[in-house]
Amino acid sequence: MIALPVLIPLFTAILLVFSNQARYQKIIGVSGAFAIFATSLFIISNVGGKQIEVLQSSNWEAPFGISLVVDTFSALMLVITGFVSFALAVYSLFYIDEKLITHRYFLFFHTLLMGVNGAFITGDVFNLYVWFEVMLMSSFVLITLGSKPLQLKGGIKYLTMNLVASLFFLAGIGILYGKTGTLNMAHLAVILQNDEQAILMNTSTMLFFMAFGIKAAVFPFFFWLPSSYHTPPVAVTAFFAALLTKVGVYAMIRVFTLFFIQDPQFWHTLLLAVAGLTMVVGGMAAASHYEIRRILSFHIISQIGYMIFGLGVFTPLALAGAIYFMIHNMLAKTNTFLVAGHINRLKGTYKLKSIGGLYKSYPLLGILFIIPAFALAGVPPLPGFFGKFFLIKAGFEAEKWFISGVAIFTGVLTLFSMIKIWNEAFFKKGLEEVPEQGLRERLPLRELLPSMMLGAGTILLGIGAGVFFDYFIEAGNQLMNSDQYIQVVLKNFEYVAN
Amino acid sequence: MLALLVGVLSSTGVYLLLRRSVLKLVLGIIFLSNAVNLTIFIAAGLVQGKPVFVSEDAANPADMADPIPQALILTAIVISFGLVAFTLALKYKYFSLSDTDDLDELKELEE
Amino acid sequence: MTILLLLSFLSAIWVPYMPKILNKYKGSVLASLPLSVFILTLARGTGLTGMTSTSTTYEWIPQLGLNITWTFDGLSYLFLLLVSGIGTLILIYANEYMKHYPDKDRFYTFIMLFMASMMGLVLSGNLLVLFLFWELTSFTSFFLISFKHEYEKARQAALQSLLITVMGGLALFGGIILIGQMAGSFEIADLMEKSGEIKSHRLYVPALILVLAGVVTKSAQFPFHFWLPGAMQAPTPVSAYLHSATMVKAGIFLLARLNPVLGGTPQWMILVSLIGGLTMFIGAYLSLTQTDLKAILAYTTVSSLGTMVLLFGIDTQASIEAAVLFIIIHAFYKASLFMIAGMIDHKTGTRDVTLLGELWKPMPKTFIFASLALLSMAGLPPMLGFIGKELIYEAKIQVPDIAIILMILGVGSNIFMVWVSTMLGYRTFIEKAGGMPKPPNENGWRMLLGPFVLVLLSLFFGLYPASISGFVEPAISTILREPATVYLSLWHGFNQVLLLSILTVATGFSLFLLRKKIIPVLKKINSALFSIRFADVFNKLIIGFVSLSKKKTAVIQHGYHRFYLMTIFVAATVLIWFQIYYTRGWNVDVEYTRQPYYVIALVIIMMGASLITAIAKSRLTAIISMGVVGLGIALLYLIYSAVDLAITQILAETLTLVLFVLVLQKLPRFARLSSRKSRIRDAIIAVAAGSFMTILVLKSFHVNYNHPISDFYVRNSLPGGFGENVVNVILVDFRALDTLGEITVLSIAAFGVYSLVKLNKLKK
Amino acid sequence: MKTIILQMALPYIRFILIFFSVITLFRGHNFPGGGFIGGLMASGAFIFQALAWDVNSSRKTLRTQPSVLIGSGLMMALLSAIPGILTGKPFLTGTWVKIPLFADHTLKLGTPLLFDIGVYFTVAGVVLMFIYTLMEEWQWK
């Protein structure tokens, strides 16, 4: 059952191989995305915030086969991925060229999804690498699909830096395996917990940290993101914004809670320092730009800082906050990109200086923008507020004053950059130019539907924070006490120390 | 000795990556991935002349090389083959559209 | 209560969908909502004594102490009355005032939202919920201020006020979390219980400062006062409602709410009264030289807010009585004055006092109301303002240590108040007109209703002060946490306070008479002293910040791809070396095992080949030597028992070469693009990176050859997987999932290459 | 590259390569080889043809699109996951059928074998797709 989030996209992708008519591509693509979403809902209702479900693929007991593990954290990520990607699939129907669709846009869409879901459910380090590669390969193709020079340029940068990350990761795995002789995460946890020499693992921890750091776009490693995210079609950017960096964060949270738990003082300090720098640098950069997609791209980086901050504080509440923040971010960030796409369709540009007057002509679009924008800026009772609340509360409880202060301060930067878009694009008087040819006069409601879905999701996540909170704190607890995870995965394996 | 080889290979890889030519970039990637594969191979321990084939009567693991890293590297090789192929195509395309091999040309677009 | 709140929020959404017939009367229709709140509150408040409070709690995130708690006590009673009462009047007023605005639906939506948030704010019994509504008021006011959003000025003012209030709001947020952490709860009732604990906690002072930052920004205290005059860009009903009677009072409300929790310490006294005193004086002083009606009122508002803050800072029974009373007084006269300013603007087309004049003739009713309100503002009998001012003086006199400074500040700013009130009335209504854009006439009843009711109340309470104590007593005792009785009267007897009052009025009035001489001097002083306007400073700060960020971003995100890579490698190298240093992990004891000579030879060849690749000038050399390295690796695999690996490596290598050749035909030769210097630099980086890889490998010789998993594989390959080639069994059975992923990667790559190459056909 | 010798020898080379690739594929479980290596070899056959003649002739001999090869390869791999599920075990569980042949030899057919065949087709398809695409591009100009 829990393998379905991987198998369904694969199956969908295979079907897409055989057809090359745009119409079938569309139908199959969207219904596949819906099936994944439905499955993920089913999974979370099974896992239910308490259990951890495990599936030993090929029927070889852990640590021998590849274990697929779904705990609350994974389940949450699956659901949100399913939801966001369904919305995006619908959005792609309207916002991706017919030509790209016949060139199997949806195939790559689904393989990307497969990689992401795989990364969320796997319990095996090398398998994680494989999923990363699936994801990366698909994203390489997506970013260059359409072969515009701009895209290719962005694509080269994106590709090289992510390849380097993969190689770091692979080297880390190699060394890790060399030392422990296992690849199963739970088994690794057992071995490393009982090993007093585990401090020697630090080098491969560092390799992992750098690999995930590049993928998650944290401070010294984030360059690839802003230099490539504004190049592909906006639906693709939105998809990336929702998923890719979050997978990096997910992986980081997973390994740093499960088996890289030695020498916490060093690592948590490092993580917090990185988090702080990421927040501020990203926020400042976002404040200084005037192209919507670039503002949003830098803004992603800033928000990643919060998630790493939660990991660095390292309490159940902080982790719950980080997860909550991730989910909120996936919803809201994606939505801002979608709205940017709508704006582009209406105005033919992403440059704030030449946009204006949208509020007057498209108030509904204004509302659709303001929901995620305010959510990101942390306006109560939208989810950004609660995310910050959890994180900062946790930060204060752990007495990390400085970094919590930075987190609070960054909120102003976020707000500033969001309001800038709002003021310039929506409030400013529209320029009195004759619209260019081919621009749309109005937006049909159905094209706005995905934004509405995501907006509704955002509001729900905020208002219902109390209802969902149990899930998040349970996820945090599960992450903090890895015993449950280990026992479930290795239930038939004698894991006596050494 | 082999460790040194890994070092040299990855130095070469990094050096090539830092050049301005896209083609060298691809070469750099190949070198780096070779280096990393070798790292895995060495890190898991080297055993000479004992390939892992088991027959029905004798299966003594102590006599054999470790099969897992081999499987891992195999996977990694194939994956990096795919990546390299794609990068080459990308490079080709980039060249045919922009007529340049210079990576610094990538700059202009970011302001 | 909850229902009414919800109803207010819903009504906001309902605004655009109201039936067409009501189009003209939207304001009046909506006014019924706050009116009913008002009546309900009055009804509920009849039995209210100072110490009763009822609260209802709904759980929201109980795990973190976030509950929606409505507390109905003296304080919320008073504020609720103000919010809903004035809200009713404002809505009726707006019905007329906004008639000709195109987007009035949006106005009503946001003002209803704002009203609801404000009610939520004063009813909250939980600090977090209070904060939630606090932020909502900031944001709704952003939309209200930027109502005329096509004007740059309005957008800027809105952004400014939003940034400042939100900055303060975030500080407050931090403070609230700290308080919650100290007390273990966010319920205000609990906090009061644990007040002693909080005050002696080591985090008390930071928490206090953070909370005050919230108050200071929201209530426009010095040095953050400047957003309030800027906010006058909003339509007048908004100014009258938000910036006199309600939103700015939120800070005051919070002070009153938290007084029992945080107040009473020396830090509180000094900080709060200092801020309040300064603001009071500066606000009053700055109002003198303004010429825009609304700006004058805005600065006097700043001053009055300062007075309230000061009074809470003094923190004696008398001062709190005075503060609570003054809240009401100020709300009454300021709301009516703003509404009047709006009417004048509406009818004459200008708000500039130098242009206005002689309005008593065409607008007699307005004139009467205005002068009564101004009397109240100046603190003259028989208005309620007089009683308030007396009380304030009394409170100040009672302060033990700093009475003299406070008296000077207080009397000074009151003199200014008297002065500015007289001047305002005189210049608008009596002085000769300077040329108004439109000939004025009297306003309709909807617009007059607000000032009329408020002034009447002010007068009534001034004449019969006992009747007001029913409203203020519960509030005061809630703040003081002990039953309080207030005795108010117009005539206190002939005492020190009265003397001060007379002095104030006399000086103020004489200053007014001398204004022609003094004002220019003041203006000169101002232009010398205050030539830097705070708002401008703030704007410059923002612009400076943006350009700083831009520069910084340009440095970091410079666009040179290879420098990005370089940064990554340098960072990686530094991190790894630092980490090796940190864990003292460098002492690796290498067991030097002799490798067979052919291995050594092979390795040397490969090293040579890789160096050649690095420095090769021709493409073919580079590629061929790369091929050599690849094949060498395959041989190594073969030597060290990895047969499948070797074959795969050879095949993959060959194919890569084929691809290279295919692509190469279309590509140019290597050009020498980089300078010698940069090559050396890159070489150093490369060697550093390579060396850490070597160290990593050397370190990994620390292997424990205990590989339980692979042993298992070897043992089970034949019985379980029916295969003798363990590597293959691993690939297709043990770890088949990996392989599945891998072939997926390959397929994606294939389709990717296809789309990549084919798509340009369509383009060209 | 278009030498007469290569063109003459082509049918034989092609046959040998494909034959050996199939052998490698099936032997892979017990000896060096398997889907990857087999697939690469099989694709080699067609690459030679493309080099000797041109892409079109190679495509003709292949008779089908590389994309179809990839698709069906992936499908086979995916199908091999299903018997496991049907028997109530996790997916990809190896399921074997023994067919007695003669004497004490048995032919063991199992889902891992199917999986490997899937790999074989996929790899062959992928490589061909690379080569065809790039070569066609080259011939166009």
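Lettering follows sequence order; numbering is per chain, from 1.
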Query raised in the report: Quick one: CD1 on Ile156(A) to CG on Leu25(B), what's the gap to the nearest 0.5 Å?
Result: 7.5 Å
**Report entry** Which atoms of Ser33(B) approach chain A - backbone, side chain, both or neither, heavy atom under 4.5 Å
**Finding:** both
Query raised in the report: Can you name the residues that form a side-chain hydrogen bond (donor to acceptor under 3.5 Å, both in side chains) with Ser139(A), not counting sequence neighbours?
Result: Tyr158(A)
Query - 4.5 Å side-chain heavy-atom contact, Thr87(B) and Leu159(A) - result: yes
Could you go through residues 76-86 of chain B and list every donor-acceptor pair under 3.5 Å that involves a side-chain atom there, pairing it with any protein atom two or more places apart or in another chain?
| residue | atom | partner | partner atom | Å |
| --- | --- | --- | --- | --- |
| Ser80(B) | OG | Ala76(B) | O | 3.2 |
| Ser80(B) | OG | Ile77(B) | O | 3.0 |

Requested in this report: Sort Leu170(A) into side chain, backbone, both or neither according to what part of it lies under 4.5 angstrom from a heavy atom of chain B.
Outcome: both
Query raised in the report: Out of curiosity, Ser166(A) OG to Leu32(B) CG, how far, rounded to the nearest 0.5 Å?
Result: 11.5 Å
Requested in this report: With a 4.5 Å cut-off on heavy-atom pairs, point out which of Val134(A), Val141(A), Ile173(A), Leu136(A) contacts chain B the most.
Outcome: Val141(A)
Query raised in the report: Which bit of Leu167(A) comes within less than 4.5 Å of chain B, counting heavy atoms only: side chain, backbone, both or neither?
Result: both
**Report entry** Heavy-atom contact with chain B under 4.5 Å, split by part of Val164(A)
**Finding:** side chain
Query raised in the report: Which bit of Tyr129(A) comes within less than 4.5 Å of chain B, counting heavy atoms only: side chain, backbone, both or neither?
Result: side chain
Requested in this report: Kindly indicate whether the side chain of Leu72(B), heavy atoms from C-beta on, has any atom under 4.5 Å from the side chain of Leu183(A).
Outcome: yes
Query - Contacting region of Phe126(A) [heavy-atom separation from chain B under 4.5 Å] - result: side chain
**Report entry** CG on Leu90(B) to CG on Leu152(A), rounded to 0.5 Å
**Finding:** 5.5 Å
